[in-house]
Amino acid sequence: MSVTNSTTKDLADEASRLRRRLAKVQQQPSSSGNDLPQPEGGERFLHRCLFELPLPVMVHSEDGEVLLISKAWTELTGYTPEELPTIDAWIRRAFARDQPSIRAGIAALFEQQKPVREHAFRILTKSGQQRLWDFTSTPVGRLPDGRRAVISMAVDVTDRLSDGHAAEPAAADDLSRSQHAERTTARQLQLNQIARVNTLGEMAAGLAHEINQPLAAIGNYTAACQDLVAQTPELSGAPIAEYLQEISEQVYRTGQIIRRLRMLVRNSNPHRSTIDINSLVREVVEIAAADARLKGIELALELASALPAVWADRIQLEQIVLNLIQNAMEAVATCPAKRVSISTACLTPAGLARGSVEVAVCDSGEGIEVDDVERVFEPFFSTKPQGMGMGLSICRSIALAHNGNITAENNTGGGATFRLMLPVADG
Ligand code: ADP
């Protein structure tokens with residue numbers, strides 16, 4: 001991260017600001033026995049170190065006062081310490097949406113026992129630019145006046161997440177997080193790519209099915225005409241017989257092309273193995289998490305313990321779960337409560353030896369029109385302006401190919417729940 005040099009005047013201003021603040025803190029009586037009083041010079045030196053750190057750093061207290069922001073914070077955001085006297089001023093300026101939950105998240109930091117890492121927050125700079133920041137925050141005990149304080153350090157990951165390249169050399173811990181973020185992004189790209197290929201395949205299969213029926217009708221009518229011509233002596237030798245023969249050959253040829261297309265689509269080779277659904281769900285939620293955070297959507301996980309394994313193609317199942325989560329996130333995007341919960345369960349119907357494993361994706365959106373609850377699985381059914389309407393149709397094809405199913409229902413309290421059910425693996 002490159003940090004430009006500040007002017008001498010900036011440093012002098014900051015030094016006098018810190019002196020004023022320290023004087024204020026020292027005048028207040030200490031209410032805690034945990035204070036570690038420092039000689040004034042030492043405390044000022046530590047402040048100076050934090051201020052000069054070439055990373056965005058903020059220290060704030062539980063009553064919302066911003067005690068320090070580093071020079072890098074100002075340089076990257078454009079906000080001076082004077083513009084951010086309180087944490088609330090920072091939230092109002094830097095976060096365009098979902099301010100209440102960000103406020104609650106920051107307040108909860110004071111209760112944490114260890115550092116809290118949060119990824120890909122969308123920050124608005126003073127010039128209106130959007131940046132993505134990863135935060136690491138940790139409580140740092142009490143000030144001499146008894147107030148608890150938290151220090152937060154940010155890493156700007158905008159370039160990394162937008163083009164997959166590290167923006168700068170990073171520290172070891174930061175590097176592993178950046179590698180992790182890159183892997184997650186790469187995995188998402190891979191799943192998107194496979195989803196696109198599957199979409200094309202399913203569209204081809206859908207079109208082939210649609211075209212087959214009128215084609216069969218053309219073939220039948222042509223055959224009927226050929227019979228008529230053959231039975232009409234006046235037409236013997238007329239070019240019409242030849243034309244009908246031509247039509248019949250073209251119909252046969254088109255049929256062959258469609259059959260080949262359908263075989264091609266069906267031939268996509270699934271690689272089945274024993275899958276732990278909980279770990280698969282966790283992995284997919286991780287892929288969706290950055291996007292959810294950017295959109296202010298809460299993703300909640302409720303995973304059943306001791307879930308039996310299923311025998312399935314991992315990538316295809318990941319695609320289903322990702323598709324359901326993405327749909328749910330789109331469904332809550334314009335709702336005041338933006339919550340998507342993903343749960344797993346094992347269902348064992350009475351009298352059956354083998355139960356099934358269920359993944360349910362439940363959202364707080366507006367739900368599905370009653371007449372559309374089954375239609376959402378039809379190819380090309382979409383209520384979205386840019387929707388292709390192939391996602392759920394593909395999900396259902398994959399579920400059926402695994403001897404499972406996928407269903408939709410409206411929740412009594414609003415929103416919809418989609419359930420993927422898969423048979424428990426043999427053995
Ligand atoms: P697309 O997302 O391109 O529209 P899908 O097949 O994934 O295609 O979804 C088909 C339709 O099902 C959507 O357009 C929407 O009307 C409906 N749908 C899917 N998920 C939800 C949901 N969570 N809540 C309400 N409606 C949904």
Side-chain angles (χ1 to χ4, degrees), residues 191-272 311-313 315-317 319-320 323-324 327 368-408 418-423:
L191 281 177
N192 286 349
Q193 177 67 24
I194 292 165
R196 266 198 295 277
V197 171
N198 273 359
T199 306
L200 284 176
E202 195 80 7
M203 276 172 73
L207 281 176
H209 179 73
E210 295 293 318
I211 292 171
N212 238 356
Q213 288 177 1
L215 195 66
I218 295 171
N220 288 340
Y221 282 122
T222 310
C225 289
Q226 284 176 312
D227 287 348
L228 270 178
V229 168
Q231 290 159 20
T232 312
E234 295 89 317
L235 291 176
S236 72
I240 188 161
E242 196 186 319
Y243 295 158
L244 286 171
Q245 181 57 29
E246 192 63 32
I247 292 174
S248 156
E249 279 168 19
Q250 293 303 327
V251 166
Y252 176 76
R253 204 169 143 242
T254 311
Q256 289 294 92
I257 293 171
I258 288 173
R259 259 186 294 282
R260 273 207 298 276
L261 194 62
R262 295 182 83 169
M263 273 168 54
L264 197 73
V265 174
R266 300 266 171 267
N267 269 354
S268 52
N269 249 345
H271 298 285
R272 296 204 182 176
W311 180 250
D313 181 299
I315 290 186
Q316 289 188 333
L317 292 197
Q319 259 182 269
I320 297 187
N323 206 300
L324 296 183
N327 272 349
I368 310 165
E369 289 289 329
V370 179
D371 291 343
D372 295 340
V373 170
E374 196 44 41
R375 290 185 64 208
V376 294
F377 295 102
E378 290 173 9
F380 308 114
F381 175 87
S382 179
T383 54
K384 300 172 193 166
Q386 310 295 331
M388 222 198 302
M390 292 305 298
L392 288 176
S393 144
I394 293 172
C395 290
R396 186 167 260 179
S397 298
I398 296 174
L400 292 175
H402 284 81
N403 297 324
N405 201 359
I406 182 162
T407 59
F418 284 77
R419 292 177 199 281
L420 164 68
M421 281 151 297
L422 297 163

Chemist: Does atom CZ (Phe380) have a neighbourhood of more than 12 heavy atoms from anything else shown, all under 6.0 Å?
Modeler: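 Result for CZ/Phe380: enclosed.
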Chemist: I need the minimum non-hydrogen distance between Val251 and Gly219, along with the two atoms involved.
Modeler: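 Looking at all heavy atoms of both residues, the shortest contact is CG1-CA, 3.9 Å.
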Chemist: Determine the minimum heavy-atom distance between Val376 and Ala408, stating which atoms define it.
Modeler: CG2-CB, 4.4 Å
Chemist: Okay, side chain of Asp372, backbone of Arg375: is any donor-acceptor separation there less than 3.5 Å?
Modeler: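 No: the side chain of Asp372 does not pair with the backbone of Arg375.
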Chemist: Ignoring hydrogens and angles, tell me if any N or O in the side chain of Ser397 forms a donor-acceptor pair with the backbone of Ser393 under 3.5 Å.
Modeler: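 Yes.
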Chemist: Between atom CG of Asn220 and atom OG1 of Thr222, what is the distance when rounded to the nearest 0.5 Å?
Modeler: 8.5 Å
Chemist: Using atom types as modelled and distance alone, determine if a side-chain donor or acceptor of Ser248 lies under 3.5 Å from a backbone N or O of Leu244.
Modeler: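 No; judged by distance alone, with no hydrogens or angles, the pair does not exist.
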Chemist: Within the 4.5 Å heavy-atom criterion, are Ile368 and Thr383 side-chain neighbours or not?
Modeler: no
Chemist: Can you tell if the side chain of Ile406 reaches within under 4.5 Å of the side chain of Leu324, non-hydrogen atoms only?
Modeler: yes
Chemist: For a quick test of reading the model, state the closest non-hydrogen atom pair linking Gly255 to Leu215 and the distance between them.
Modeler: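 Nearest pair, atom of Gly255 first, then Leu215: N-CD2, 3.6 Å.
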Chemist: Just wondering, do Ile398 and Leu400 contact through their side chains at under 4.5 Å, heavy atoms?
Modeler: no
Chemist: Taking the side chain as every heavy atom from C-beta outward, state whether Met388 and Ser382 have any atom pair closer than 4.5 Å.
Modeler: no
Chemist: Could you tell me whether Gln250 atom CD has more than 12 heavy atoms of other residues or ligands within 6.0 Å of it?
Modeler: yes
Chemist: Tell me the closest heavy-atom pair linking Ile320 and Ala399, and the distance in Å.
Modeler: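 Taking every non-hydrogen atom into account, CD1-N, 4.1 Å.
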Chemist: Report, as yes or no, whether the 6.0 Å neighbourhood of atom CG on Leu235 holds more than 12 heavy atoms from other residues, nucleotides or ligands.
Modeler: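 It does: Leu235 CG has more than 12 such atoms within range.
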Chemist: A cation-pi test, strictly: NZ or CZ of Arg396 under 6.0 Å from the centre of the six-membered ring of Phe377 and no more than 45 degrees from its axis. Yes or no?
Modeler: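 Yes; both conditions hold, so Arg396 lies above the ring face of Phe377.
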Chemist: Given side chains that start at C-beta, do those of Phe381 and Leu392 come closer than 4.5 Å, heavy atoms only?
Modeler: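 Of all side-chain heavy-atom pairs linking Leu392 with Phe381, none is under 4.5 Å.
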Chemist: Minimum heavy-atom separation for Asn323 to Gly391, with atom names?
Modeler: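 Closest approach of Asn323 to Gly391, heavy atoms only: ND2-CA, 3.5 Å.
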Chemist: Evaluate the criterion side chain to side chain contact (heavy atoms under 4.5 Å, CB included) for residue pair Val229 and Gln245; output intermediate values, then yes/no.
Modeler: CA-CA 11 Å; Val229 168; Gln245 181 57 29; over 6 Å; no
Chemist: Ignoring hydrogens and geometry, is there a side-chain-to-backbone donor-acceptor pair from His402 to Leu317 under 3.5 Å?
Modeler: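 A pair under 3.5 Å: no.
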